[in-house]
Amino acid sequence: MLGLNDSAAAAPKDDLVIEGSDASFMQDVVEASKTVPVIVDFWAPWCGPCKTLGPALEAAVQKADGKVKMVKIDVDRNQAYAGQLQVQSIPTVYAFWQGKPVDGFQGALPGSEIESFVNKLAALAGGEEDGGLAEAVEVAEGMLAEGDATGAAEVFGAVLQEDDKNAAAYAGLVAAHLALDQIEQAEAILNGAPAEIARTPELDAAHAQIALAKQASNAGPVAELRGRVEADPSDLQARYDLATALHAKGETAEAVDQLLEIFRRDREWNDAAAKTQLFTIFEALPAKDPIALAGRRKLSSMIFA
C-alpha cells in the first residue's frame with residue numbers, strides 16, 4: 001500500500017537526479033525511498049525514446065521541489081537489478097516508496113502524463129502534519145480538473161485507505177468515476193460512505209452530481225431542443241430538456257439561465273421542477289462558484305419579487 005501517513009522528507013535540490021548503478025542501487029533507491037519517493041529510469045545511450053523521456057522526467061522531478069528523487073540506471077552497464085525487476089524493454093520507469101516498487105510504466109509518455117506520474121507519487125508520499133492527506137486531495141483535484149480522472153481516482157482511493165472518513169476524498173473519488181462515465185460505480189462508492197460523513201456538504205454535492213449525471217445520460221441533442229424552444233418559447237418541457245442537455249455538455253451557465261426562465265414563466269410548472277433542478281445544480285457546484293452565486297441571487301430575486 002502506498003503510505004500517506006509516513007512523512008516524506010524533501011530531497012536536497014542539488015541531488016534530485018543522480019546516476020545510479022547496481023552497486024549503489026540499495027543505497028540510492030531502496031534505502032533512499034524510505035524517506036523520499038525515488039523514480040528509477042532504466043535507459044541506454046542507444047535508446048531513442050530514452051532521449052525524450054529522460055529529460056522530461058528530470059524536469060518534472062525538479063518541478064516537484066524535492067518531494068521526489070530520480071536515479072538513472074544505464075542497463076548496458078548495470079543489468080542485475082534490471083533483470084530482477086523484469087525490465088524487458090527500455091525506457092522502463094519504476095517508482096519506489098518505503099523500499100518497494102509501487103508504480104511504473106514502459107515506453108515514452110506525453111509530458112502531461114509524466115508530470116501526473118511524478119505529482120501522484122509526490123502526493124501519495126505526503127509530508128504534512130496530517131500525513132499529506134490534504135495535499136494529496138488537492139493534487140488529485142488538480143489532476144481531475146486537468147482530465148486525468150484515472151490518476152485522480154488512484155490518489156483519492158489511497159487517501160481513503162488511510163482515512164476512510166475523509167469526505168473530500170470520497171467526493172473526489174465519486175467525481176473521478178463520473179468523469180470516466182462510471183455512474184453505477186460512483187453511486188456504489190457514495191452509498192458505501194461511513195454514516196458519520198453521509199450528510200457532509202462534500203457528499204451532498206456528490207449526490208447532486210450523480211443525479212445530474214443520470215439525467216445527462218438521457219439528454220437529447222442540444223440543437224434540436226434549442227430549435228423547439230425557439231419555435232415555441234412557451235414549451236417549458238422543451239426548455240427543461242434543453243437545460244438538461246446543456247448541463248450535460250458542460251454549459252452550466254446557460255442551463256441555469258434556461259431553468260430561471262422556466263421559473264420566471266411558471267414557477268409551479270411540473271411541481272416546481274425548475275427550482276428543484278436549480279438547487280440540484282447549485283448543490284453540485286462548489287459553494288463559491290460564480291455560476292452558483294449568480295444563479296442563487298437571480299432565483300432569490302424572483303422568489304421575493
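In what follows, residues are counted from 1 in the order of the sequence shown. Keep in mind that what you see is a predicted model, and the values were worked out from it rather than measured.
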Stepwise side chain to side chain contact (heavy atoms under 4.5 Å, CB included) check, Tyr81 with Ile73: CA-CA 9 Å; Tyr81 283 98; Ile73 304 287; over 6 Å; no
Can you sort out the partners of Asp204 under salt bridge (Lys or Arg N to Asp or Glu O under 4.0 Å), two or more places apart, ordered by chain and number? Arg199
Please step through side chain to side chain contact (heavy atoms under 4.5 Å, CB included) for the pair Val61 and Lys69, ending with a clear verdict. CA-CA 7 Å; Val61 168; Lys69 289 182 64 175; 5.7 Å; no
Work out which heavy atom in Ile183 is nearest to a heavy atom in Ala213; give both atom names and the distance. CD1-O, 3.6 Å
Grab the two heavy atoms, one from Leu144 and one from Gly172, that are nearest each other, plus how far apart they are. CD2-O, 4.3 Å
Linking I/L/V/M/F/W/Y whenever any side-chain heavy atoms sit under 4.5 Å apart, do Val137 and Val174 land together? yes
Val222 and Ala245 have their tightest heavy-atom pair at CG2-CB, 3.8 Å
Shared ILVMFWY cluster between Val17 and Val40, side chains joined below 4.5 angstrom? no
Say you draw a straight line from CG of Asp28 to CD of Glu19; how long is it, rounded to the nearest 0.5 Å? 10.5 Å
Under 3.5 Å, is there a donor-acceptor pair between the Gln237 and Asp241 side chains? yes
Distance-minimising heavy-atom pair for Lys67 and Val36: O-CG2, 3.3 Å
Regarding Glu230 and Arg239, does a basic nitrogen lie under 4.0 Å from an acidic carboxylate oxygen? no
Does Leu293 belong to the same Ile/Leu/Val/Met/Phe/Trp/Tyr cluster as Val256, with side-chain heavy atoms less than 4.5 Å apart forming each link? no
Rounded at 0.5 Å granularity, tell me how far CG in Asn166 sits from CD1 in Ile197. 7.5 Å
Spacing of Ile189 atom CD1 and Leu173 atom CG [to the nearest 0.5 Å]: 4.0 Å
If you group Ile, Leu, Val, Met, Phe, Trp and Tyr by side-chain heavy-atom gaps below 4.5 Å, do Ile18 and Val30 land in one group? yes
Could you walk me through whether Glu268 and Lys275 satisfy the salt bridge (Lys or Arg N to Asp or Glu O under 4.0 Å) test, starting with their C-alpha distance in whole Å, then the side-chain angles of each, then the deciding distance to 0.1 Å, before giving a yes or no? CA-CA 9 Å; Glu268 297 302 327; Lys275 183 172 71 172; 6.0 Å; no
The criterion is side chain to side chain donor-acceptor pair (under 3.5 Å); which residues satisfy it with Glu146, sequence neighbours excluded? none
About how many Å separate NZ of Lys51 and CH2 of Trp43, when rounded to the nearest 0.5 Å? 9.5 Å
Are there more than 12 heavy atoms of other residues, nucleotides or ligands under 6.0 Å from atom CZ of Arg265? yes
Spacing of Thr35 atom OG1 and Gln98 atom CD [to the nearest 0.5 Å]: 8.5 Å
Taking every non-hydrogen atom, the tightest pair across Gly54 and Met70: O-CE, 4.0 Å
Do other residues, nucleotides or ligands put more than 12 heavy atoms under 6.0 Å from the CD atom of Gln84? yes
Heavy-atom pair of closest approach, residues Ile291 and Ala253: CD1-N, 3.9 Å
Are Glu154 and Thr150 close enough that some pair of their side-chain heavy atoms sits under 4.5 Å apart? yes
Hey, are the side chains of Leu236 and Asn270 touching, using non-hydrogen atoms and a 4.5 Å cut-off? no
Do Met26 and Val75 belong together in a cluster built from hydrophobic side chains that touch within less than 4.5 Å? yes
Could you go through the ring-ring contact (aromatic ring centres under 6.0 Å, His included) check for Trp269 and Phe263 one step at a time? CA-CA 8 Å; Trp269 173 80; Phe263 187 82; over 10 Å; no
Could you tell me which residues satisfy salt bridge (Lys or Arg N to Asp or Glu O under 4.0 Å) with Arg228, sequence neighbours excluded, listed by chain and number? Asp235
Any donor-acceptor pair under 3.5 Å linking the side-chain atoms of Trp97 with those of Asp103? no
Spacing of CD1 belonging to Ile114 relative to CG belonging to Leu57, to within rounding of 0.5 Å: 5.0 Å
Check the pair Phe105, Leu53 against side chain to side chain contact (heavy atoms under 4.5 Å, CB included), reporting the backbone distance first and the verdict last. CA-CA 11 Å; Phe105 61 87; Leu53 178 65; 4.0 Å; yes
Hey, what's the ring geometry for Phe42 with Phe25, parallel, tilted or perpendicular (30° and 60° as the breaks)? parallel
Side chain to side chain contact (heavy atoms under 4.5 Å, CB included) between Gln277 and Leu212, worked out: CA-CA 9 Å; Gln277 184 75 337; Leu212 291 170; 3.7 Å; yes
Output every pair passing side chain to side chain donor-acceptor pair (under 3.5 Å) with a member in residues 287-299, not counting sequence neighbours, ordered by first then second residue. none
Any pair counted as disulfide bond (SG atoms under 2.5 Å apart), so long as it reaches residues 23-113, sequence neighbours left out: Cys47-Cys50
Acceptor/donor pairs from residues 85-96 side chains to any protein atom, 3.5 angstrom cut, sequence neighbours excluded:
unit_1: Thr92; atom_1: OG1; unit_2: Ser89; atom_2: O; d: 2.5
unit_1: Tyr94; atom_1: OH; unit_2: Leu85; atom_2: O; d: 2.7

